[in-house]
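This report refers to the structure that appears directly beneath it.
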Amino acid sequence: MRPEELLHSTPQGLYSPAGGFYIDPTRPVPRALITHGHSDHARAGHGAVMATRETLDIMAIRYGEAFAGATQVAPYGARQEVNGVAVTFHPAGHILGSAQIALDWKGCTIVASGDYKPGADPTAAPFEPVRCHVFISEATFGLPVFRHPDPLKETEKLTASLALFPERAHLVGAYALGKAQRVMALLRAAGYTRPILMHGAMERLTAYYAAEGIDLGEVRLARDASPAERAGAVVICPPSALGDVWSRRFGDPVTAFASGWMRIRARARQNGVELPLILSDHADWDDLQAAILATGCEELWVTHGQEDALVHWAGLAGLRARPLHMVGYGEEEADNAAAPDAPAPAAGDGEASA
Amino acid sequence: MNRFAALIDRLAYEPRRNGKIALIADYFRHTPDPERGWALAALTGALTFRNAKAGLIRQLIAERTDPVLFALSYDYVGDLSETVALMWPAPPRRSEEGPSPAPPPLGERALETSSGNGEEDVPLEAIVHAFTHMGRAELPAVLAALLDRLDETGRWALLKLITGGLRIGVSARLAKTAVATLGSLAPDDIELVWPGMAPPYESLFAWAEGTGPRPQTDDPAPFRPVMLSHAIEDADFAALDAAQFRAEWKWDGIRVQAVRGRGADGRHVTRLYSRTGEDISPAFPDLAQALAFDGAVDGELLVLREGRVQSFNVLQQRLNRKAVSPKLMLDYPAHIRAYDLLVAEGEDLRDLPFEARRARLEALVAAHPAQEGLDHSRLDLSPLVPFTSWDALAAARADPGAHGAGADAEAVEGVMLKRADSPYLPGRPKGPWWKWKRDPHSVDAVLMYAQRGHGKRSSFYSDYTFGVWTGETSGTGELVPVGKAYFGFTDAELAEIDRFVRRNTVNRFGPVREVVHTPTEGLVLEIAFEGLARSPRHRSGLAMRFPRVARLRWDKPPGEADRLATLEAMIGTGDGERERAPRRPSRVVGKRPAPSEGA
């Protein structure tokens with residue numbers, strides 16, 4: 001059989017003819033398997049949704065309890081049948097609840113990895129390589145210029161700036177789901193003990209992370225903080241809020257942005273960032289190669305990002321590889337980073353690819 | 001080097017002057033000698049060594065990476081040094097590779113590592129040493145060995161350094177100011193001893209930190225802090241007695257202090273300093289060589305042709321040039337119009353009253369030899385403007401050509417008032433010196449694009465591109481951008497414009513918004529500016545000098561804004577000459593400049 005009989009790309013997303021389901025569809029479908037809660041992967045309005053418990057919780061927080069007709073929990077490592085296709089969710093290390101989805105059918109294994117990151121992260125279960133015939137990878141940072149530095153060292157840039165400018169608030173742009181909580185956890189790991197202030201757009205998701213047992217220390221709403229508490233505080237907000245009227249209450253803040261894109265100077269400068277923090281929830285160039293090779297796959301399909309370079313590398317490494325030319329993933333982020341300044345929406349504002 | 005690299009990386013993103021000073025001072029505080037001294041040398045542009053060409057860097061990366069991956073990466077990043085810094089493959093670890101490879105021809109110092117935690121680093125001094133003393137053939141191997149030892153930011157900084165130009169928005173003055181903040185010195189204190197200093201400035205740091213004496217300088221041509229003036233306002237005149245003041249033309253050039261003295265070896269040293277004490281002599285060798293006095297002259301640097309002062313636009317052709325070619329010096333001969341004398345023949349005159357210094361200056365200029373082959377002297381006197389009352393001076397200011405400035409009137413930007421009895425005081429004391437500038441030109445233009453500012457203004461649309469109509473009459477043809485302004489308005493006005501921009505956006509380009517600009521809808525800005533020049537780089541063919549927002553014309557429909565033809569008529573016929581069109585009465589007197597990003 002051809003792997004495409006088990007899974008292939010369609011305008012709505014990856015589709016399994018054998019199992020009658022989509023993975024991370026961009027439009028409402030009868031049956032969807034969702035890798036993680038970012039808005040470009042997890043959308044409302046599907047008939048039935050299978051995802052990890054955390055992803056289902058996150059979707060309910062963002063879209064309301066009625067976000068899908070029916071839901072089914074997929075615990076990590078548990079094999080479940082969907083119309084004769086064996087489906088197993090494995091940790092992807094991207095954000096809380098993120099998963100790679102392994103499909104087994106007629107002796108062929110395909111792993112759709114969604115977005116993933118092999119590096120350490122206290123807010124997500126660690127990435128597990130899964131042996132497969134076809135590995136489907138993102139390529140958000142699929143260029144050799146992307147080698148993410150040590151997250152703790154990047155966090156120390158922030159604490160060093162706090163020490164140097166103790167009277168100024170430090171606004172850290174971070175996507176509301178995943179990155180924001182990771183920055184909080186990293187600050188705690190770096191020994192930062194003051195209360196962290198946050199934008200209202202991330203209040204419920206942050207509370208959910210804390211309820212899941214992730215230690216974020218004391219986190220409070222920025223709007224409730226007195227001027228004295230704002231001075232010299234770390235304030236985490238969605239990237240769009242950095243240039244928004246909202247940020248004026250902080251006087252003369254230091255503007256930071258936590259994202260893998262901060263590796264590229266032009267990108268940081270274009271956004272008016274003064275303190276770029278290279279913190280990514282995606283695999284970097286070296287991680288992508290190691291992760292792909294660890295699967296032992298014969299074939300590599302690349303979903304979105306810098307697919308040309310990754311496909312070229314795979315060819316050099318002796319793998320069959322092709323881009324899927326999928327649209328709709330990682331795109332909201334580009335708009336977002338270009339600094340729109342509409343009031344920050346409650347949720348789902350493009351935290352997709354950073 | 002990695003630490004210095006981290007500093008300049010951070011500086012490149014920091015928009016605030018005070019922020020930059022704090023970052024540099026913090027680095028100096030936490031970095032030992034001599035590393036910090038070499039960093040100071042790099043920041044003040046005092047380093048000179050063999051440069052590497054882009055071709056060599058391309059060759060080094062081509063030997064180490066796949067060509068397709070390099071092409072894709074370079075295309076994505078858009079900057080060669082940055083691409084190479086990020087892509088440079090990690091060198092093979094010595095433990096894995098067995099015996100360490102043969103050391104590169106660097107000299108012992110470069111091989112020392114500065115930290116014991118396994119991370120390699122290279123002292124700046126070793127880099128400077130290597131690049132100063134090696135031959136051309138050694139360059140590739142030396143550079144590759146250094147890149148192997150540095151981290152991403154270190155590689156980026158090194159490549160920027162050796163390809164010429166850190167371009168991080170830090171002037172020598174700013175770096176010296178940071179040194180001053182290490183203790184209780186003033187920036188001018190550093191300036192005063194600076195000409196006698198050389199990297200790595202250990203005695204300078206010791207003095208600044210209060211652990212060493214003031215460095216002895218036997219510089220025969222030192223800088224003296226200059227005296228500055230306040231802008232006069234209408235209300236000030238009532239309290240001032242015209243009889244106690246002398247007036248001069250305010251020339252539209254560059255404030256310069258020309259110092260000439262005899263060194264210990266008997267040879268003369270001549271230096272030209274900017275008003276902040278930066279040595280700008282290398283840019284004006286023609287002028288420096290022609291000076292023959294012994295002392296310190298305060299004056300205006302101007303370009304003269306056929307005895308006539310040229311406009312600032314002409315002078316600008318000589319500024320910011322990498323190389324000063326003979327042709328440039330011939331076409332743009334530099335000149336000093338002197339108006340004060342601080343030192344003469346070893347005697348400090350600064351405590352003398354203005355009139356006494358003026359008499360000494362007149363004698364010095366009269367005795368100064370003319371230069372052969374030039375149609376005018378390199379040094380002349382800025383004449384006094386006679387007046388008996390403030391009204392009489394106002395008349396002279398309004399028409400300098402008819403009051404003694406003659407053909408040079410186009411380079412006059414107002415008058416200076418100096419108390420006859422005032423000593424020469426460093427800094428900007430209030431009272432003895434006033435500047436009374438001519439009214440600016442002004443034009444009504446339409447706001448077309450707005451960009452968010454930086455720092456304090458990062459949530460405000462504070463940088464405005466404005467345009468005028470290309471048609472035969474106002475409101476016809478199209479709007480073509482003629483300039484950009486980012487100050488002149490109050491905080492309240494900024495908030496009003498920001499609100500207008502957010503509500504009237506028709507297009508977004510990253511941080512830039514296009515706002516509505518039709519004959520009936522849009523915002524008219526009255527723009528004040530100091531001059532106009534032809535510029536092939538701008539679509540309108542014009543470049544404005546020092547434009548700022550003088551007034552918001554909420555009352556005026558965009559269709560009634562000015563036309564491009566009106567601006568072109570202001571230019572006149574000459575080589576970017578100042579126009580003679582009548583000026584409008586000033587409405588910007590007393591407007592304060594930008595809060596965060598001063599001009």
Side-chain angles (χ1 to χ4, degrees), chain A residues 142-149 153 157 160-161 163-165 168 171 241-257 262-276 278 285-286 306-313 315-316 334-335 337-342, chain B residues 6 9-10 12-16 18-19 22-23 25-27 30 65-79 81-90 151-153 156 451-461 495 498-499 501-502 505 508-513 595-596:
Chain A
L143 277 174
V145 292
F146 291 109
R147 289 198 202 120
H148 304 325
K153 283 242 164 93
K157 282 190 195 168
S161 181
L164 191 56
F165 302 109
R168 290 164 65 189
L171 297 190
L242 291 176
D244 185 57
V245 193
W246 175 83
S247 69
R248 287 180 198 164
R249 68 190 75 190
F250 301 101
D252 183 20
V254 174
T255 307
F257 192 166
M262 294 299 104
R263 183 46 108 184
I264 308 298
R265 289 185 164 74
R267 209 110 181 195
R269 220 168 284 128
Q270 183 190 0
N271 289 296
V273 176
E274 295 155 25
L275 182 59
I278 308 166
W285 178 248
D286 296 335
Q306 303 296 322
E307 50 264 53
D308 292 350
L310 195 60
V311 167
H312 176 78
W313 163 81
L316 297 176
D335 291 344
D341 30 31
Chain B
D9 183 42
R10 183 84 163 78
Y13 292 110
E14 174 58 60
R16 299 167 188 78
N18 286 341
L23 287 164
D26 184 61
Y27 169 85
H30 296 104
T65 54
D66 177 83
V68 174
L69 293 178
F70 172 72
L72 288 168
S73 297
Y74 186 22
D75 184 54
Y76 186 86
V77 176
D79 178 280
S81 296
E82 189 176 344
T83 310
V84 171
L86 294 175
M87 275 190 86
W88 190 264
D151 65 13
E152 279 95 345
T153 309
W156 168 76
Q451 183 170 355
R452 280 191 296 121
H454 291 285
K456 246 183 168 160
R457 291 168 158 200
S458 57
S459 70
F460 288 95
Y461 286 88
D498 181 74
R499 211 171 303 130
V501 170
R502 288 171 192 272
T505 300
R508 297 174 185 214
F509 312 93
V512 176
R513 287 185 172 205
S596 59

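Everything numeric here is computed off the predicted structure, so don't read it as measured data. Numbered from 1 within each chain, the chains take letters A, B, ... in sequence-line order.
Comment: R248(A) engages D498(B) in a salt bridge, judged by a side-chain N to carboxylate O separation of less than 4.0 angstrom.
Your options are A266(A), A309(A), G251(A), P149(A), and the one with the most heavy-atom pairs under 4.5 Å with chain B is A309(A).
Residue R168(A) touches chain B through its side chain alone, counting heavy-atom pairs closer than 4.5 Å. The part of L164(A) that comes within reach of chain B is its side chain, from C-beta onward, which places non-hydrogen atoms under 4.5 angstrom from that chain. The contact between D66(B) and chain A is made entirely by side chain atoms (from C-beta outward), counting heavy-atom distances below 4.5 Å. With a 4.5 angstrom heavy-atom cutoff, W246(A) does not touch chain B via any of its atoms. When heavy atoms are compared at a cutoff of 4.5 Å, W156(B) approaches chain A solely by way of its side chain, counted from C-beta outward. Heavy-atom distances place the side chain of F146(A), and not its backbone, under 4.5 Å from chain B.
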Which donor-acceptor pairs under 3.5 Å do the side chains of residues 67-78 of chain B make with protein atoms, sequence neighbours left out?
from: S73(B); atom 1: OG; to: L69(B); atom 2: O; distance (Å): 2.8
from: Y76(B); atom 1: OH; to: R267(A); atom 2: NH1; distance (Å): 3.1

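Counting heavy atoms from C-beta on, the side chains of L275(A) and E14(B) never come closer than 4.5 Å. Using a 4.5 Å cut-off on side-chain heavy atoms (C-beta onward), R265(A) and P276(A) make no contact.
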### Task
Please report the C-alpha distance between I264(A) and L86(B) in whole Å, then the side-chain angles of each, then the deciding distance to 0.1 Å, and finally whether the side chain to side chain contact (heavy atoms under 4.5 Å, CB included) criterion is met.
CA-CA 9 Å; I264(A) 308 298; L86(B) 294 175; 4.1 Å; yes
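For R499(B), there are no side-chain hydrogen bond (donor to acceptor under 3.5 Å, both in side chains) partners, not counting sequence neighbours.
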